[in-house]
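Okay, structure first, notes after.
Order of the sequence lines fixes the chain letters, A, B, ..., with proteins taken first and strands second; residue numbering starts at 1 for each chain.
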Amino acid sequence: MTNSPFPYTFDRRDTCASVVSRFGALGPGSSTGVAVSVAGRVMLMRPQGKLAFARLVDASGSIQLFASQADTGNFEELSKLSLGDWVGVDGEVITTKKGELSVKVDTWVLLAQARRGFGDKWKGISDPDLRYRQRYVDLWANPSSRESLLMRAATISFIRNWLEKRGFIEIDTPVLHPIAGGATARPFVTTHNTLDMDLYLRIAPELYLKRLVVGGFDRVYEIARVFRNEGMSPRHNPEFTMLELYQAYSDYNDAMVLIKELLMDLAKELTGDLVLTYQGNLIDLGSTWEKRSLSELVSEAIGLEVSVSTDREVLVEQCKARDIQVKDDWGQGKLILELYEKTCEATLWGPIFVTDFPREVSPLARAHRSQPGLTERFELIIAGRELVNAFSELCDPDDQRSRFESQAAIKASGDDEAMEVDEDYLRALEYGLPPTMGLGMGIDRLVMLLADVSTIKEVIAFPTLRPEVY
RNA sequence: GCGCCUCUAGCUCAAUGGCAGAGCAACGGACUCUUAAUCCGCAGGUUCUGGGUUCGAAUCCCAGGGGGCGCACCA
């Protein structure tokens with residue numbers, strides 16, 4: 001048997017789940033007369049003399065196989081299958097004397113062998129290194145791994161549908177950028193041989209998507225893989241997935257309305273509830289989403305009324321009191337942001353909109369219409385983490401140029417995460433960007449919330465790891 | 001990059017300075033209603049690597065490597 005070549009196809013007409021849902025309620029010892037064909041891996045095998053019971057698992061679920069020497073072709077070989085072997089089975093749907101719904105194997109074929117085992121059949125595998133390196137094993141050993149990836153797929157699919165119903169179109173923008181813009185982060189650098197130049201893997205699709213708004217796509221988005229050459233952690237992977245969307249004729253208040261609707265609809269559809277349980281705590285998306293300004297939150301946290309116009313020395317002192325390494329070129333805006341990140345962010349459970357970020361730390365956001373030194377920008381915090389960053393987009397080319405120039409100055413003084421002047425982007429703005437809101441959301445972190453997992457590696461099929469040494 | 005923790009059979013784990021073990025998987029066998037089947041048998045090891053201390057090291061120490069968590073950076 002094992003010497004014969006494996007078949008190239010199998011006519012699988014039923015899934016385990018479809019058989020279970022069609023025949024789930026039969027009493028013990030039933031025969032249905034209905035023939036099905038199923039395929040998958042044999043994950044448990046209980047040979048018992050002239051009978052054998054096996055658990056067949058496929059992408060949909062699992063069902064018991066019942067085989068007997070009297071009725072099953074190649075019975076001896078069947079009862080000797082290794083755990084993990086792939087088989088295709090034709091047989092009748094029955095229940096056993098004990099009432100277990102089963103496919104009574106008539107004929108079957110070995111589709112592929114598992115030369116290696118899938119871990120302890122009760123405890124599976126738990127070593128994180130092994131699980132992430134050999135995801136093909138983990139997915140069989142740990143059903144929750146499969147569920148997390150299914151949740152990810154469902155989330156992305158839902159978002160695309162939801163946005164498209166509202167007139168958004170998705171357009172792919174370049175991954176290879178001559179200038180790494182749209183965010184402050186260290187990029188991965190690569191080289192194009194023919195052009196003989198460095199290119200950067202994108203850290204954000206933002207500047208290209210806004211060029212598309214200039215080009216007339218007034219509702220545009222991209223679900224974009226982006227790359228940041230930064231540290232790795234349970235919440236950071238070097239490549240991750242962002243939703244960025246832009247809607248013309250709108251401001252950041254409209255962005256708050258939109259994201260709240262999107263997240264509520266998403267949770268209802270995917271979990272059936274507006275209340276998520278995350279790591280043992282509740283996140284109520286049906287509640288009123290609080291809206292607080294950044295300086296308000298910082299003032300509360302440090303017990304001192306501060307803003308971007310507070311005397312710089314006062315802010316420096318507050319930072320130093322909290323072990324923040326202050327740099328000489330930090331202005332009040334940066335100092336306030338540092339204070340916020342140190343004292344507030346992780347303590348906010350949310351959902352909460354943190355609004356009105358300093359101009360100094362928001363080089364692509366439009367100046368606040370009434371508050372000098374601030375921008376119309378918010379972050380949505382859920383479970384102590386930034387999930388969304390959004391603003392009224394900066395449309396004024398002159399203002400944008402001066403922001404780029406301050407960024408370039410910071411970069412020149414040694415911060416390799418700061419932005420450069422992007423002349424083509426400035427030219428695009430000179431053609432006119434209408435009032436526009438833009439919003440970015442970390443898809444991986446969103447899925448972490450929905451799947452209730454504590455590390456980003458759980459929601460990425462193949463997270464970045466050091467290469468294995470063989 | 002720094003700090004703490006961790007690494008034993010394919011998997012999950014014991015052995016706390018004194019003979020490296022168990023369950024599961026694999027392999028051989030028994031069994032006509034199992035449900036992590038049960039039972040019998042067999043095999044499986046550079047205890048992550050390299051040094052050191054010791055009569056003796058999986059165990060203690062040093063260095064290196066993988067991983068986890070935290071910090072930093074960032075989303």
Side-chain angles (χ1 to χ4, degrees), chain A residues 28-29 43-55 62-72 75 79-85 94-102 104 113-134 137-138 140-142 182-187 203-204 224 226-244 323-325 337-338 341-342 345-346 379-382 384-389 415-417 440-446 448 454-457 463 465-470:
Chain A
M43 295 305 284
L44 294 172
M45 171 62 75
R46 295 180 288 275
Q48 185 152 327
K50 298 184 177 65
L51 297 180
F53 303 86
R55 174 109 330 233
S62 75
I63 193 163
Q64 178 167 271
L65 302 179
F66 173 78
S68 71
Q69 191 170 51
D71 299 319
T72 300
F75 173 78
S79 63
K80 287 179 179 168
L81 286 173
S82 293
L83 300 191
D85 284 345
I94 61 151
T95 57
T96 61
K97 287 179 189 171
K98 291 284 176 66
E100 179 78 27
L101 185 71
S102 306
K104 183 180 172 194
Q113 284 181 306
R115 295 193 197 176
R116 299 172 185 251
F118 283 79
D120 188 292
K121 69 185 177 187
W122 183 240
K123 293 178 176 170
I125 60 171
S126 55
D127 177 10
D129 191 37
L130 186 62
R131 289 186 50 230
Y132 301 135
R133 283 191 200 282
Q134 300 187 32
V137 179
D138 178 46
W140 292 97
N142 296 301
T184 51
R186 206 174 320 151
I203 56 175
V226 299
F227 307 85
R228 297 188 184 178
N229 206 340
E230 308 276 3
M232 292 161 64
S233 84
R235 287 160 295 281
H236 301 87
N237 197 63
E239 54 180 296
F240 64 103
T241 303
M242 284 179 71
L243 164 68
E244 278 205 11
D323 293 324
I324 297 168
Q325 301 289 316
L337 181 67
E338 290 289 325
E341 287 174 355
K342 187 82 174 183
E345 190 174 64
E379 288 187 357
L380 171 63
I381 306 296
I382 296 181
R385 292 173 203 155
E386 176 192 343
L387 185 66
V388 171
N389 182 20
D415 183 349
D416 51 9
E417 287 172 5
M441 175 164 66
I443 296 293
D444 312 84
R445 290 185 175 179
L446 173 61
M448 285 170 70
S454 62
T455 155
I456 197 168
K457 289 185 169 74
L465 299 169
R466 246 178 248 277
E468 199 171 353
V469 178
Y470 292 96

field: Options B:rA75, B:rC33, B:rG66, nucleotide nearest the side-chain atoms of A:Glu386
entry: B:rA75
message: At 4.0 Å (heavy atoms only), tell me whether A:Arg235 reaches a base, stays on the sugar-phosphate, or touches nothing.
response: base
query: If only side-chain N and O atoms of A:Thr96 are considered, is one of them under 4.0 Å from the OP1 or OP2 phosphate oxygen of B:rU32?
result: no
message: Considering every strand and a 4.0 Å limit on heavy-atom distances, what is the contact class for A:Gly124: base, sugar-phosphate, or nothing?
response: sugar-phosphate
task: Compare every heavy atom of A:Lys121 with every heavy atom of A:Leu44, then report the nearest pair and how far apart it is.
output: CD2-CD, 3.7 Å
- prompt: Which heavy-atom pair separates A:Glu244 from A:Ala204 by the least distance, and what is that distance?
  reply: OE2-CB, 3.9 Å
statement: Of B:rC27, B:rA37, B:rA75, the nucleotide closest to the side chain of A:Ser82 is B:rC27
query: Looking at the side chain of A:Ile125, which of B:rG70, B:rC11, B:rU32 is the nearest nucleotide?
result: B:rC11
- prompt: Which of the following nucleotides, B:rA75, B:rC73, B:rA25, is nearest to the side chain of A:Glu230?
  reply: B:rC73
message: Below the 4.0 Å mark, does B:rA75 have OP1 or OP2 next to a side-chain nitrogen or oxygen of A:Thr241?
response: no
- request: Could you check whether A:Lys97 gets within reach of a base, just the sugar-phosphate, or nothing at all, counting any heavy atom under 4.0 Å?
  value: base
query: Does A:Arg116 make a side-chain N or O approach to OP1 or OP2 of B:rA26 shorter than 4.0 Å?
result: no
message: In whole Å, measure the gap between the C1' atoms of B:rC24 and B:rC39 for me.
response: 16 Å
query: Is A:Lys342 touching bases, backbone alone, or none of the nucleic acid, heavy atoms closer than 4.0 Å?
result: sugar-phosphate
- prompt: Any sub-3.5 Å donor-acceptor pair from A:Asn142's side-chain atoms to A:Ile125's backbone N or O?
  reply: yes
- prompt: Given the rule that a pair is Watson-Crick or G-U wobble with both distances under 3.5 Å, how would you write RNA chain B in dot-bracket, using | for pairs to a different strand?
  reply: (((((((..((((....[..))))..((((.......))))......(((((..]....))))))))))))....
message: Given B:rC33, B:rU35, B:rG67, identify the nucleotide with an atom nearest to the side chain of A:Glu100.
response: B:rU35
- prompt: A:Arg115 near the nucleic acid: base, sugar-phosphate alone, or nothing, with a heavy-atom cut-off under 4.0 Å?
  reply: nothing
P atoms of B:rC55 and B:rC40, separation to the nearest Å: 45 Å
- request: Remember a base hit wins even if backbone is also touched, and classify A:Phe118 as base, sugar-phosphate or nothing at under 4.0 Å, heavy atoms.
  value: nothing
Short side-chain N/O contact from A:Arg466 to OP1 or OP2 of B:rG67, under 4.0 Å: yes
message: Under 4.0 Å, heavy atoms only, any strand: does A:Glu417 hit a base, just the sugar-phosphate, or nothing?
response: sugar-phosphate
message: Holding to salt bridge (Lys or Arg N to Asp or Glu O under 4.0 Å), I want the full list of residues that pass it with A:Asp127, two or more places apart in sequence or in another chain.
response: none
query: Touch check for A:Asn237, heavy atoms < 4.0 angstrom, all strands: base, sugar-phosphate only, or nothing?
result: base
Distances for protein N or O near nucleotides 2-10 of chain B N or O, under 3.5 Å:
none

query: With sugar-phosphate meaning primed atoms plus P, OP1 and OP2, does A:Pro47 contact a base, only sugar-phosphate, or nothing at under 4.0 Å between heavy atoms?
result: base
Heavy-atom pair of closest approach, residues A:Ser68 and A:Leu51: CB-CD2, 3.5 Å
- request: Give one of base, sugar-phosphate or nothing for A:Asp444, where a contact means two heavy atoms less than 4.0 Å apart.
  value: nothing
message: Over all strands shown, is A:Ser68 touching base, sugar-phosphate only, or nothing at heavy-atom distances under 4.0 angstrom?
response: nothing
Closest heavy-atom pair and its distance - A:Ser79, A:Ala52: CB-CB, 4.1 Å
query: Which part of the nucleic acid does A:Gly442 contact within heavy-atom distance under 4.0 Å: base, sugar-phosphate only, or nothing?
result: nothing
Other residues, nucleotides, ligands: >12 heavy atoms within 6.0 Å of A:Lys104 NZ: no
- request: Output yes if the stacking criterion (under 5.5 Å between centres, under 30° between planes) is met for A:Phe240 over the base of B:rA75, else no.
  value: yes
- request: Please determine if a side-chain N or O atom of A:Lys457 lies less than 4.0 Å away from the OP1 or OP2 oxygen of B:rG68.
  value: yes
- line: When every non-hydrogen atom of A:Ala185 is compared with those of A:Arg228, the smallest separation belongs to CB-CD, 3.6 Å
- request: Using only side-chain N and O atoms of A:Lys121, determine if any of them is under 4.0 Å from OP1 or OP2 of B:rA25.
  value: yes
Minimum-distance nucleotide (side-chain atoms of A:Asp129 versus B:rU12, B:rG66, B:rU35): B:rG66
N/O (side chain, A:Gln48) to phosphate O (OP1/OP2, B:rC33) under 4.0 Å: yes
